[in-house]
Protein chains: 2
Amino acid sequence: MIVLELSNVKSSVEALNPEQPFEQMHFVEEVGLMFEMVGLPRMSGRIFGWLLISNPAQQSHAALAEILQASKGSISTMTRLLIQIGLIERVSLPGERRDYFQIKPHAWSQMTKQRIAQIAAFRQLAEKGLTLLEDAPPHLQKRLQEMRDIHAFLERELPLLDERWELEQRSLHQSNPERLSQS
Amino acid sequence: MIVLELSNVKSSVEALNPEQPFEQMHFVEEVGLMFEMVGLPRMSGRIFGWLLISNPAQQSHAALAEILQASKGSISTMTRLLIQIGLIERVSLPGERRDYFQIKPHAWSQMTKQRIAQIAAFRQLAEKGLTLLEDAPPHLQKRLQEMRDIHAFLERELPLLDERWELEQRSLHQSNPERLSQS
DNA sequence: CTGAATGTTCAGTAATCATTGAACAAACTA
DNA sequence: TAGTTTGTTCAATGATTACTGAACATTCAG
């Protein structure tokens with residue numbers, strides 16, 4: 001007879017108000033759907049969604065599998081993906097064998113960088129198209145010129161926008177240093 | 001015995017330099033792959049890609065099916081999708097029964113608008129998550145606050161960026177009025 | 001060493017999504 | 001009216017992708 005000890009794994013959900021878990025899982029599902037809309041696997045979105053609201057912020061491999069009702073394999077693959085695209089990170093506590101995952105601070109500027117890369121790819125495609133039309137009448141070239149120009153514009157401007165965001169954030173945290181983390 | 005009259009349909013490709021078609025179809029495939037990366041059906045990308053380089057810029061239903069080796073059904077569904085998301089438009093010539101499609105001018109600011117809508121959805125999700133954590137310690141809320149704040153920032157700034165683009169374009173075309181379409 | 005705990009990899013499957021092709025509809029011609 | 005052209009819809013197929021679960025590592029404890 002085998003008795004599994006799961007108490008440590010369940011606590012994260014059951015320690016809460018019994019009304020909460022349902023809403024939490026609903027949130028997790030919604031993040032899953034959003035990720036799917038952006039072209040990422042739904043399960044990667046579920047993991048990310050849970051890490052956004054979990055307590056504590058660090059969650060183990062096993063805890064994720066238990067709460068999201070997913071196989072170990074799935075968790076392993078999807079956390080690898082999320083780490084690779086810069087949205088979460090692995091944290092290992094000293095003296096602990098198991099790994100934990102958490103949302104990576106500034107995960108979002110990582111996403112912005114990816115978007116910029118995509119925009120660059122679109123600009124390059126437009127340029128490739130223009131070389132195909134180099135002998136064509138100008139009115140036929142216009143379509144691709146517009147595509148190239150707007151992507152070049154965004155490629156130039158989005159990094160500046162990101163920089164401005166970083167600056168705003170930094171100055172905000174200076175005038176308000178760590179007040180949030182006391183309570 | 002049935003004889004199909006296809007000559008009118010083939011002309012669009014065969015009228016060109018015999019080296020070109022291969023490169024053209026390569027371009028079309030690349031656009032297809034890009035669309036797939038962004039989460040849209042590959043065939044919709046092929047149609048869009050061909051409409052970027054086709055001569056004339058307007059292409060009929062039948063011409064698209066022939067050149068892209070796709071079924072009528074596929075073309076019908078995918079053009080509907082592309083019209084719905086604002087990337088192409090249907091043009092009908094007076095006295096002609098068939099419809100033509102072409103790249104919609106300013107297709108790209110349409111795409112920007114969609115991106116902004118997606119960003120708004122992410123911000124709303126973050127807010128929903130924050131209400132789940134309203135009684136949680138502040139350090140747990142930070143993850144979602146960062147998510148909300150950056151998306152609110154982009155939601156505010158991207159429309160301004162788009163406006164600036166429109167302005168730049170308009171002033172460019174005033175100082176250089178239609179010079180491109182003479183040649 | 002053996003056994004337990006933790007992760008990863010990968011072959012097989014389940015589910016999803018794009019695409020086809022045939023049936024249908026509408027609009028014009030004769 | 002019947003026949004032709006043009007386009008749409010939709011059930012069925014094919015292809016792709018996510019996901020599982022079992023086998024395989026690795027590391028620690030005894």
Side-chain angles (χ1 to χ4, degrees), chain A residues 1-9 28-29 31-33 35-48 58-85 88 90-101, chain B residues 2-9 28-29 31-49 58-85 88-101:
Chain A
M1 193 205 289
I2 301 174
V3 179
L4 295 176
E5 296 286 347
L6 290 177
S7 53
N8 55 329
V9 161
V28 164
E29 269 321 298
V31 179
L33 290 175
F35 269 55
E36 210 165 45
M37 274 184 49
V38 182
L40 293 167
R42 187 182 294 190
M43 186 61 78
S44 71
R46 291 206 191 96
I47 293 173
F48 191 79
Q58 297 75 26
Q59 295 281 304
S60 73
H61 221 270
L64 290 173
E66 161 79 8
I67 282 156
L68 302 176
Q69 308 265 51
S71 69
K72 286 193 303 171
S74 197
I75 300 295
S76 178
T77 308
M78 291 302 127
T79 50
R80 179 151 33 85
L81 172 67
L82 286 169
I83 287 170
Q84 193 226 312
I85 64 184
I88 70 173
R90 190 188 297 261
V91 292
S92 44
L93 307 184
E96 282 244 36
R97 195 122 66 78
R98 56 169 93 187
D99 287 344
Y100 293 84
F101 301 99
Chain B
I2 301 175
V3 178
L4 295 176
E5 296 287 347
L6 289 176
S7 54
N8 55 329
V9 159
V28 164
E29 272 318 300
V31 180
L33 291 175
M34 284 294 281
F35 269 55
E36 211 165 44
M37 275 185 49
V38 182
L40 292 167
R42 187 181 295 189
M43 186 60 77
S44 70
R46 290 208 193 96
I47 293 173
F48 190 79
Q58 296 76 24
Q59 294 283 303
S60 73
H61 221 271
L64 290 172
E66 163 79 9
I67 282 154
L68 303 176
Q69 307 265 50
S71 69
K72 285 192 306 171
S74 199
I75 301 295
S76 178
T77 308
M78 291 302 127
T79 50
R80 181 150 34 84
L81 172 68
L82 286 169
I83 287 171
Q84 192 226 313
I85 63 183
I88 70 174
E89 61 190 2
R90 189 188 297 263
V91 292
S92 44
L93 307 184
E96 281 247 34
R97 197 121 68 77
R98 53 170 96 188
D99 287 344
Y100 294 84
F101 301 99

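All of these numbers come straight from a predicted model, not from anything done at the bench. Numbered from 1 within each chain, the chains take letters A, B, ... in sequence-line order.
At C:dG21, none of the side-chain N or O atoms of B:Ser71 fall inside 4.0 Å of OP1 or OP2 (strictly under the cut-off). Contact annotation: A:Arg80 side-chain N/O to C:dT9 OP1/OP2 distance is under 4.0 Å. For the OP1/OP2 pair of C:dA4 and a distance below 4.0 Å, the side-chain nitrogens and oxygens of A:Arg97 include no atom meeting the criterion.
One interatomic measurement links the two molecules: NE2 of B:His61 to P of C:dA26, which rounds to 16 Å at whole-angstrom precision. Here the P atom of nucleotide C:dA18 and the CE atom of B:Met78 are 6 Å apart, to the nearest Å. Rounded to an integer number of Å, the gap from B:Phe35 CZ to D:dT16 C1' is 20 Å. Rounded to whole Å, atom P of D:dT9 lies 13 Å from atom CG of B:Leu81. For B:Lys72 and C:dA22, the NZ to P distance is 11 Å, given to the nearest whole Å. One atom, CG of B:Leu64, and another, P of D:dT6, lie 14 Å apart when rounded to the nearest Å. Remark: P of D:dT5 and CG of B:Asp99 are 17 Å apart, rounded to the nearest angstrom.
No contact: B:Glu96 has no heavy atom under 4.0 Å from any strand. B:Glu36 comes within 4.0 angstrom of nothing in the nucleic acid, heavy atoms only.
B:Ile67 is listed as a side-chain neighbour of B:Gln59, based on a closest heavy-atom distance under 4.5 Å.
Taking CD1 from A:Ile75 and CD from A:Glu66, the interatomic distance works out to 11.0 Å, rounded to the nearest 0.5 Å. The OG atom of A:Ser44 sits 9.0 Å away from atom CD of A:Glu36, with the distance rounded to the nearest 0.5 Å. For the atom pair B:Leu81 CG and B:Leu40 CG, the distance stands at 6.0 Å (nearest 0.5 Å). In this structure, CE in A:Met43 is found 10.5 Å from CG in A:Leu64, a value given to the nearest 0.5 Å. Taken from CG in A:Asp99 to CG in A:Leu93, the straight-line distance is 9.0 Å, to the nearest 0.5 Å.
A donor-acceptor pair under 3.5 Å is absent between the side-chain atoms of A:Ser76 and the main chain of A:Lys72, judged by distance alone.
Among C:dG7, D:dT20, D:dT9, the nucleotide with an atom closest to any side-chain atom of B:Ser76 is D:dT9. The side chain of B:Arg98 has D:dG7 as its nearest neighbour among D:dG7, C:dG7, D:dT20.
Comparing B:Gln69 and A:Thr77 by the nucleotide of DNA chain C whose heavy atom lies nearest to each, the residue mapping closer to the 5' end is A:Thr77.
Shown for residues 37-48 of chain A: no residue has heavy atoms falling under 4.0 angstrom of DNA chain C.
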